[in-house]
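The block underneath contains the structure these notes are about, expressed in structure tokens.
Each residue takes its place number in the sequence, starting with 1. As the structure is a computational prediction, the values presented were derived from the model and not from experiment.
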Amino acid sequence: MDEVHHWVGTNGGPDFYQTLKRNVEKTTKAGSRWVCTTNAYNPLEGSVAQIIHESEMVLQGYWLYDCVEGSIALEDLRTERAVRRALIEAYGDAVWADIDGLTRTILYDRTTPDSTYCRFYFNQIAESSDGWMNAAEWKACLSEDDPIRDGDMIAIGFDGSVRNDATGIVGVRMRDAKLFVIAVWQRPENAPEDWEVDVLAVEAAIDEAFRRYRVVWVYCDPPYFQEAIGRWAIKHGTDIVFEFWTNKITRTVQAIERFRSAVTSRDLRHDGDKRLTTHVLNAVKREVPQGSSTGILIQKENPKSKRKIDLAMCGILALEARADAIADGRMKIRRARVVGF
């Protein structure tokens, strides 16, 4: 198996790997073996290279994962001596490698991201330079204790689609900003051409959320669901269910920045839901002008990508809903006044 850092979920790589591996394992007594060659992987992609590297089989020593990394820090990629030394270390006895040419490329070619140099020249595991969220930072916000319970006071973020992108509902607990996935609908593999999100199922999930939790604020991105959102507002309160148009750039940039800051400062928590984590780590940055400076929006790596990010936007809207609910005094406990005679 070759180039398994390119074997990712969007091209069926992990499933193909499992099929090959199973058949090899069934016939090991007949001499069957498997071997993989790879460059360093991007830890945001969930590639076969990453699956193997993080496997307990490697940790226990049953599989050999042989890797030599060039020792160089990101800030030293403009230092010729450090670059040359790291290249020699990484390439070892590969005498055919053009160390001088590679050194020049790394020092002066700015058309290639530094993360690519780290992965493909120094064999270092590195995230894409345009990734929005750092995997280590996101993992640091994991909170597996104190689970979300029925009756908890929450805010909700909703982002809807009809056919191609995912539709999701994410909640955030008011008292500690802990995110959790309420529901998600995503186009299945090999779905028929006319597949669409079941709007009635979405509405049922919203109703169920209001039944199970004390929902104090909901932000919904309206496209495709404007009529449904209107019904939710009538049913559950026009002072609770609000539209949040994410195509209003300034407001959305500010919400994304607040979410990012909450992660880096660990003022946000999440329960480790793999769907939410995948969508957050799939998101890439897009700079947009904001007056005399620039702001950051998030988007898919390309419009046709199967790597969805919709739950990330739901989380952003949920956290924004929580902030506005707090500012509006929704967390204050209303005490009944008892008068005796």
Side-chain angles (χ1 to χ4, degrees), residues 1 4-23 41-52 54-55 128 131-133 135 138 148 156-171 179-209 212 218 220-229 231-232 246 270-284 298-318:
M1 293 177 274
V4 291
H5 57 286
H6 288 315
W7 294 27
V8 295
T10 53
N11 59 30
D15 290 338
F16 185 51
Y17 157 72
Q18 290 294 339
T19 300
L20 294 175
K21 188 170 69 71
R22 280 197 305 270
N23 283 282
Y41 57 82
N42 180 341
L44 303 183
E45 293 181 340
S47 66
V48 168
Q50 180 175 358
I51 291 169
I52 293 172
E54 296 177 349
S55 169
S128 171
W132 172 56
M133 190 67 65
W138 181 250
I148 307 295
I156 287 175
F158 169 79
D159 185 31
S161 180
V162 176
R163 296 182 180 86
N164 294 321
D165 287 328
T167 291
I169 308 170
V170 170
L179 293 166
F180 65 104
V181 176
I182 294 174
V184 62
W185 296 263
Q186 192 163 314
R187 185 182 183 89
E189 291 292 334
N190 303 316
E193 287 291 327
D194 60 350
W195 183 89
E196 292 185 355
V197 170
D198 186 343
V199 177
L200 293 179
V202 176
E203 297 206 39
I206 289 288
D207 288 343
E208 177 67 6
R212 291 186 60 183
V218 183
C220 307
D221 194 13
Y224 307 112
F225 279 84
Q226 209 162 358
E227 289 187 11
I229 293 167
R231 290 194 295 271
W232 305 344
T246 57
H270 63 86
D271 62 1
D273 190 293
K274 290 184 178 179
R275 299 166 298 178
L276 177 60
T277 295
T278 297
H279 282 217
V280 167
L281 299 184
N282 281 347
V284 300
I298 62 171
Q299 62 182 27
K300 296 190 293 184
E301 56 188 354
N302 63 72
K304 294 184 179 180
S305 175
K306 295 181 180 179
R307 293 163 59 88
K308 307 302 182 185
I309 68 166
D310 306 271
L311 289 178
M313 184 52 69
C314 290
I316 292 166
L317 294 180

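In terms of heavy atoms, S161 sits closest to A166 at CB-O, 3.7 Å. The minimum heavy-atom distance between A183 and A205, with the atom names listed, is CB-CB, 4.1 Å. Of all heavy-atom pairs between W195 and Q186, the closest is CH2-C, 3.8 Å. C314 approaches G168 most closely through the heavy-atom pair SG-O, 3.1 Å.
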Verdict with supporting geometry, W185 and I169, side-chain contact (heavy atoms from CB on, under 4.5 Å): CA-CA 9 Å; W185 296 263; I169 308 170; 4.0 Å; yes
Y41/V4 under side-chain contact (heavy atoms from CB on, under 4.5 Å): CA gap, chis, key distance, verdict: CA-CA 8 Å; Y41 57 82; V4 291; over 6 Å; no
M1/V48 under side-chain contact (heavy atoms from CB on, under 4.5 Å): CA gap, chis, key distance, verdict: CA-CA 10 Å; M1 293 177 274; V48 168; 5.6 Å; no
Criterion side-chain contact (heavy atoms from CB on, under 4.5 Å) on D310 and V184, from CA distance to verdict: CA-CA 9 Å; D310 306 271; V184 62; over 6 Å; no
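Side-chain contact check for W132 versus V280: some heavy-atom pair is nearer than 4.5 Å. Inter-residue side-chain proximity for V202 and F225 is flagged as met; some heavy-atom pair is nearer than 4.5 Å. By the 4.5 Å heavy-atom criterion applied to side chains, K300 and N282 are not counted as neighbours. Using a 4.5 Å cut-off on side-chain heavy atoms (C-beta onward), D165 and D159 make no contact. Under the 4.5 Å side-chain criterion, counting only non-hydrogen atoms from C-beta, I229 is not in contact with Q226.
The CZ atom of R163 lies 10.5 Å from the CD atom of E193; values are rounded to the nearest 0.5 Å. Put simply, CD1 on I309 and CD1 on I316 are 8.0 Å apart, with the number rounded to the nearest 0.5 Å. The line from CG of L179 to CG of D271 is 8.5 Å long, rounded to the nearest 0.5 Å. Put simply, NZ on K274 and CG on L281 are 13.0 Å apart, with the number rounded to the nearest 0.5 Å. Here the straight-line distance linking atom CG of L311 with atom OG1 of T277 works out to 10.0 Å at 0.5 Å rounding. Taken from CG in D198 to CD in E203, the straight-line distance is 9.5 Å, to the nearest 0.5 Å.
Put simply, the side chain of Q50 gets close to the backbone of G46: a donor and an acceptor are under 3.5 Å apart. Distance alone, capped at 3.5 Å, places no donor-acceptor pair between the S47 side chain and the W7 backbone. With hydrogens and angles ignored, the 3.5 Å screen pairs no side-chain donor or acceptor of H6 with any backbone N or O of N11.
Under 4.0 Å is where a charged nitrogen must lie from a carboxylate oxygen, and between R275 and D273 at least one such pair does.
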Side-chain donor-acceptor distances from residues 14-21 under 3.5 Å, at least two apart:
residue: T19; atom: OG1; partner: D15; partner atom: O; Å: 3.1
residue: K21; atom: NZ; partner: E25; partner atom: OE2; Å: 3.2

